[in-house]
Amino acid sequence: SVNYFLGNNIHASENSDIVLVSAPGYTKNNKKGRVFVYRAVGSEFNSILDYGINTEANEFHNDGTDTGFGSSLYYDYDQSVAYAGAPLASFVRGGASAVNEGIVKISKIDVDQPLEENSIVVSSALPQKNVFFGASIAVSPTSVNRMLLVGAPGQTVDACINAGAVFVYKISADLTSVFIDQLKTVPADGSRFGTSISTDKSGSRVIVSAPGESNNKGAVYVYSYLGDSRYSDYPVKISAPSVCKSGDEFGSIVKLSADGKYLFVVAAKASPAADVHGMVFVYKWNGSIYQLSQTIRSIPNETELALGTSIDVNNTADTLVIGAKGNKSFAGITFDDGNTTFDGSNCVFGDIIKGAGSAFVFNRYQDKFVYAEELFDQNVLDRSRFGRCVAIGSSIVLVDAPTYRAVGSVYTFRKTGTGNSWHLLRTQPDHVDIKKIEKSVIIDAETESITDFIDLIDPVKGKIAGIA
């Protein structure tokens with residue numbers, strides 16, 4: 001079917017072989033949106049099952065309309081529970097009878113049967129139209145229960161339109177939900193608080209973005225978990241760095257490392273120079289606050305790509321993957337399925353692929369993330385949006401291309417060996433000892449005649465321009 005948008009979002013973890021892949025455009029029996037569950041076995045991905053929101057007609061929301069199901073994903077491998085946001089779900093049962101209210105479906109997955117064993121749906125505690133509840137989610141453990149934080153970036157708060165909100169729920173092991181509270185913040189028109197949420201593995205810190213704050217300059221907020229299902233009333237604000245300006249949307253995406261040591265903040269629309277599109281700011285925890293440690297800009301020679309469509313970091317925070325959108329300025333072309341090479345594979349051919357996108361790997365050296373390599377596949381077509389979502393699993397990196405052939409596709413890259421992602425293959429030695437050049441000329445190879453003389457300038461040796 002056309003417009004599946006398979007891979008629109010992906011969740012993978014190094015701690016589990018289960019991978020969730022969303023296809024919000026998938027339609028089955030007039031029900032829109034599907035989440036596919038896979039198990040990684042070696043280099044293969046075995047499909048386990050797929051499920052939607054409604055099992056019966058109009059069960060949780062009106063069928064036949066876009067839901068954005070799977071726009072946010074999380075898999076709790078300890079409890080075999082999948083969380084999937086549907087921010088476009090409309091006319092939610094018990095809601096505001098309005099469009100784009102949004103819901104989050106929580107499903108107990110039996111991966112051996114396989115089947116969706118049990119499920120509940122969580123809707124907004126303060127339903128409104130166009131709030132996009134479920135656009136972002138974060139799940140953190142608290143003994144047996146889980147704290148679920150749900151972003152609703154379109155929420156109107158205290159008459160502030162699109163101020164945004166984050167709702168906190170306690171989810172028990174038997175899949176019952178209890179609304180706890182909203183995260184405290186100072187609402188402002190257009191802030192879109194809750195656009196992106198991230199938490200560390202322990203759940204002790206939560207990061208929430210507000211990319212629309214200060215005329216879309218953006219800001220990020222740090223909350224601490226206080227215990228007893230409570231979060232700090234006075235979060236620490238991280239303002240956009242001075243390089244950012246109005247419209248840069250600092251906080252488009254936030255990602256916290258598992259240990260909470262590193263915080264990555266995307267400013268997807270930042271363009272401080274002609275050859276820089278999209279920036280990622282790396283913050284390091286100093287024991288009390290996050291301090292800016294590094295700024296990652298566009299990749300050299302990729303001036304038509306905007307960095308920061310997606311981001312993920314592995315458990316040990318030594319591998320960082322960043323997606324990019326735009327024109328792939330040099331996509332490799334092979335001949336005879338790669339059997340024909342030129343100059344020992346040192347000469348390569350390429351072409352521009354419009355809207356293809358890309359993904360880049362950075363490896364951490366001490367406290368700095370160093371560009372390692374690009375992830376790309378030569379079969380990616382125009383406007384495939386490769387790199388819209390990236391996810392790091394167990395020894396693999398998954399990269400989506402949700403509009404590939406108008407259906408969508410997910411690419412898997414596997415790291416070989418135990419070293420860094422890059423190593424030196426070959427260097428080009430100098431062919432000529434320039435110290436021995438006495439004179440130089442330009443020769444027409446066809447007529448074998450001299451067309452011009454070139455001056456050699458070396459003042460130290462008494463060689464100067466002009467006639468001697």
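Residue numbers run from 1 in the order of the sequence given.
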Donor-acceptor contact present, side-chain R405 to main-chain V407, <3.5 Å:
no
Should S22 and L73 count as side-chain neighbours, where that means a heavy-atom distance under 4.5 Å?
yes
Less than 6.0 angstrom separating the ring centers of F386 and F376, yes or no?
yes
Have S80 and D76 got a donor and an acceptor in their side chains that come within less than 3.5 Å?
no
Do N314 and D318 meet the criterion of a side-chain donor-acceptor pair at a distance under 3.5 Å?
yes
So do Y38 and V21 actually touch side chain to side chain, heavy atoms under 4.5 Å?
yes
Looking only at heavy atoms, what is the nearest atom pair of R34 and G52, with distance?
NH1-N, 3.3 Å
Is it the case that S288 and N286 place a side-chain donor and acceptor less than 3.5 Å from each other?
yes
Mind checking salt bridge (Lys or Arg N to Asp or Glu O under 4.0 Å) for R192 and listing every partner two or more places apart, or none if nothing turns up?
E249
Which residues pass the side-chain hydrogen bond (donor to acceptor under 3.5 Å, both in side chains) test with Q182, sequence neighbours left out?
none
Given the rule in the side-chain contact (heavy atoms from CB on, under 4.5 Å) test, do E213 and V220 qualify, once you have shown the distances and angles that lead to the verdict?
CA-CA 9 Å; E213 189 169 307; V220 166; over 6 Å; no
Please check this pair: side chain of K105 against backbone of A82, looking for a donor-acceptor N/O pair closer than 3.5 Å.
no
Are any non-hydrogen side-chain atoms of V254 and V266 less than 4.5 angstrom apart?
no
is_close_aromatic(Y262, Y290), centroid dist under 6.0 Å:
no
When you measure from the side chain of Q294 to the backbone of F369, do you find a donor-acceptor pair of N or O atoms at a distance under 3.5 Å?
yes
With ring pair (Phe, Tyr, Trp, His ring centres under 6.0 Å) as the criterion, how do F250 and F281 come out once you've worked through the C-alpha distance, each side chain's angles and the decisive distance to 0.1 Å?
CA-CA 9 Å; F250 173 79; F281 299 91; 5.7 Å; yes
Check this for me, if you would: do D248 and K269 make a salt bridge, where the nitrogen-to-carboxylate-oxygen distance has to be below 4.0 angstrom?
no
Salt bridge (Lys or Arg N to Asp or Glu O under 4.0 Å) partners for K170, two or more places apart:
none
Work out which heavy atom in R388 is nearest to a heavy atom in R385; give both atom names and the distance.
NE-NH2, 3.0 Å
Pair Y74 + H11: ring centers closer than 6.0 Å
yes
R39 (side chain) donor-acceptor with V19 (main chain) under 3.5 angstrom
no
So, S107 side chain and I109 main chain: donor-acceptor pair closer than 3.5 Å or not?
no
Testing the 3.5 Å rule here: is there a donor-acceptor pair between the side chains of D63 and N54?
yes
Between D259 and K201 (salt bridge meaning N to carboxylate O under 4.0 Å), is one present in this structure?
no
Return yes if some donor-acceptor pair links the side-chain N/O of T403 with the main-chain N/O of R383 below 3.5 Å, else return no.
yes
How about L398 and I396: do any of their side-chain heavy atoms sit closer than 4.5 Å?
yes
Using a 4.5 Å cut-off on heavy atoms from C-beta on, say whether the side chain of V222 contacts that of I238.
yes
Which heavy-atom pair separates Y221 from P235 by the least distance, and what is that distance?
CD2-CG, 4.0 Å
Any donor-acceptor N/O pair, S293 side chain to Y283 backbone, under 3.5 Å:
no
Presence of salt bridge, E59 and K31, under 4.0 angstrom:
no
Flag the pair R93 and E101 as a salt bridge only when some basic side-chain nitrogen lies within less than 4.0 angstrom of an acidic carboxylate oxygen.
no
For a quick check under 3.5 Å, do E14 and S394 share a side-chain donor-acceptor pair by atom type?
no
Please evaluate residues F5 and Y404 with respect to the criterion side-chain contact (heavy atoms from CB on, under 4.5 Å), reporting the C-alpha separation (whole Å), side-chain torsions for both, the decisive distance (0.1 Å), and the verdict.
CA-CA 8 Å; F5 302 117; Y404 175 79; over 6 Å; no
Taking all non-hydrogen atoms of both residues, which atom of L307 and which atom of A324 are closest, and how far apart?
CA-CB, 4.1 Å
Pair Y231 + Y223: ring centers closer than 6.0 Å:
no
Report yes if the side chains of K32 and T65 come closer than 4.5 Å at any heavy-atom pair, otherwise no.
no
Judged by atom type as modelled, is there a donor-acceptor pair below 3.5 Å linking the side chain of S271 to the main-chain atoms of H277?
no
Quick check: does any side chain N or O of S214 sit under 3.5 Å from a backbone N or O of G218, one acting as donor and the other as acceptor?
no
Take atom OH of Y365 as the centre, draw a 6.0 Å sphere, and report whether it contains more than 12 heavy atoms from other residues, nucleotides or ligands.
no
Give the intermediate values and the outcome of ring pair (Phe, Tyr, Trp, His ring centres under 6.0 Å) for residues F36 and Y26.
CA-CA 11 Å; F36 292 80; Y26 186 102; 5.6 Å; yes
Any donor-acceptor N or O pair under 3.5 Å, side chains D400, Y411:
no
Could you report the tightest heavy-atom contact between V104 and G134, atom names first, then the distance?
CG2-CA, 3.9 Å
Any side-chain heavy-atom pair from I296 and F362 closer than 4.5 angstrom?
yes
Can you check whether G68's main-chain N or O pairs, donor with acceptor, with S71's side chain at less than 3.5 Å?
yes
Side chains of V265 and V280: does their closest heavy-atom pair fall under 4.5 Å?
no
Answer yes if the side chains of N315 and N15 hold a donor-acceptor pair under 3.5 Å, and no otherwise.
yes
With the threshold set at 4.0 Å, does a side-chain nitrogen-carboxylate oxygen contact exist between D233 and R230?
no
Audit row: N100, S90, side-chain contact (heavy atoms from CB on, under 4.5 Å) steps and yes/no:
CA-CA 5 Å; N100 300 329; S90 300; 4.2 Å; yes
